[in-house]
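This report concerns only the one structure given below.
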Amino acid sequence: MPVKTKPVPELVPGAQHPMEKYLRTDRIPHIWCSGCGLGTVLGNFLYALDELGWDPDSVAVVAGIGCTGRIPGYLRLDTYHTTHGRAIPFATGLKLANPKLHVVVISGDGDLFAIGGNHLIHAARRNLDLTVLCVNNFNYGMTGGQSGPTTPLDGRTTTTPFGNFEHPFNLVHLTASAGASYVARWTTLDGRRMKQGMVEAMTHKGFTFVEIIAPCPTNYGRRNKIGEGLDELRYYAQHAAIRHGADPKEAGIVPGKPFLVGKFVEADKPTYLEMYAAKAAEMGGPK
Ligand SMILES: Cc1ncc(C[n+]2csc(CCOP(=O)(O)OP(=O)(O)O)c2C)c(N)n1
């Protein structure tokens with residue numbers, strides 16, 4: 001039977017949300033569950049874009065597969081939904097072919113650090129000029145909540161019903177030690193700080209990385225008795241401690257214990273494109 005829906009009343013006839021200009025509104029409603037953190041990430045990315053004031057034609061956003069990987073599909077920009085784990089190679093090609101583009105990768109912890117992990121560490125090692133925004137919800141949300149490389153020890157998922165017994169990655173430590181020039185972590189509770197972190201990452205040269213910890217109430221929250229999205233935000237309020245400049249090694253996440261957020265790395269070092277140009281000049285080739 002067809003479902004009857006009531007039209008949403010226009011509060012101010014003809015009015016638009018100021019961020020609507022960046023959205024493919026024809027693709028709304030979105031696919032995300034109630035209480036999911038991805039709407040907050042998308043919203044803050046739009047505010048970051050607006051603050052930067054870049055020409056939309058100079059920005060390309062690339063994602064792999066997953067609930068997070070759907071973010072670029074809602075953006076009125078040049079966006080690419082690549083195969084699972086391959087956002088970084090695709091973004092690398094774009095940036096090398098057109099170094100003037102601002103290239104941003106937005107994807108999930110599974111896409112970037114499991115199947116795509118090798119690409120990520122080498123892009124960081126090369127200090128490739130990309131910004132990577134990783135939404136960490138501690139599981140594979142899209143495919144029904146399997147365990148992934150960030151699932152905490154003893155975390156309950158569909159593939160670890162008795163508790164996860166694999167050590168998780170600390171994404172801050174991993175990206176910092178692989179060579180990233182900028183590394184920050186925020187939660188979806190830290191709206192303005194997350195937006196500021198995105199702006200900083202997108203303007204800092206080299207490989208820049210922001211981890212955003214986000215609720216996945218349908219899969220991770222429910223199985224781990226965290227509750228709804230709001231309960232998880234309350235958990236962040238009680239457990240996240242801002243410590244800029246902390247040692248990335250100390251940024252591991254253990255459920256029930258305080259965890260660190262903030263800006264961990266902000267370094268100035270030659271980028272892949274700078275070194276490529278210098279080598280090309282040394283060889284007498286095109287710059
Ligand atoms: C080659 C390949 N293997 C597996 C899958 C199935 N798959 C789709 S999304 C996904 C995991 C996504 O997890 P994550 O990146 O953490 O994103 P989330 O959905 O949690 O935002 C997997 C395993 C796939 N699409 N392609």
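Just so it is clear, the structure is predicted and the values come from calculations on it, not from any experiment. Atom set for the values below is all heavy atoms of this structure, side chains included, hydrogens, waters and symmetry mates excluded. First listed ligand is number 1; within each ligand, the first listed atom is number 1.
Connection of V62 to I71 is not established within any shared hydrophobic cluster, with ILVMFWY side chains joined at heavy-atom distances below 4.5 Å, either directly or through further cluster members.
Using a 4.0 Å cut-off to heavy atoms of N139, the atoms of ligand 1 that qualify are 16 (O), 20 (O). Listed by number with element, the atoms of ligand 1 under 4.0 angstrom from any heavy atom of M142 are 19 (O). If you number the atoms of ligand 1 from 1 as listed, the ones under 4.0 Å from a heavy atom of G110 come out as 14 (P), 15 (O), 16 (O). Listed by atom number, the atoms of ligand 1 under 4.0 Å from C67 heavy atoms are 18 (P), 19 (O), 21 (O). Within the listing of ligand 1, atoms 21 (O) sit less than 4.0 angstrom from a heavy atom of T68. With ligand atoms numbered from 1 in the order given, ligand 1 contributes 14 (P), 15 (O) to contacts under 4.0 Å with heavy atoms of D111. Each of the following atoms of ligand 1 lies closer than 4.0 Å to a heavy atom of N137: 18 (P), 20 (O), 21 (O). Counting the atoms of ligand 1 from 1 in the order shown, those under 4.0 Å from a heavy atom of G141 are 18 (P), 19 (O), 20 (O).
To the nearest 0.5 Å, the span separating CG on D129 from OH on Y272 amounts to 10.0 Å. Atoms CZ and NE2, on R234 and H239 in that order, are 13.0 Å from each other to the nearest 0.5 Å.
Side-chain contact, R126 with T92: no donor N or O sits under 3.5 Å from an acceptor N or O. Inspection of the Q146 and T143 side chains reveals an N or O donor paired with an N or O acceptor under 3.5 Å. A donor atom on one side chain and an acceptor atom on the other are not found under 3.5 Å apart for T151 and N164.
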Exercise answer: donor-acceptor pairs, residues 243-261 side-chain atoms, under 3.5 Å, sequence neighbours excluded:
from : atom 1 : to   : atom 2 : distance (Å)
H244 : ND1    : K263 : N      : 3.0
D247 : OD1    : K249 : N      : 3.0

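Among protein heavy atoms, the minimum distance from atom 9 (S) of ligand 1 is reached at I65 CG2, 3.6 Å.
Partners of E51 under the side chain to side chain donor-acceptor pair (under 3.5 Å) rule, at least two apart in sequence or in another chain, are K195.
Nearest-heavy-atom check against atom 2 (C) of ligand 1 across R86, H84, R70 picks out H84.
Put simply, no part of V135 is less than 4.0 Å from ligand 1, judged by heavy atoms.
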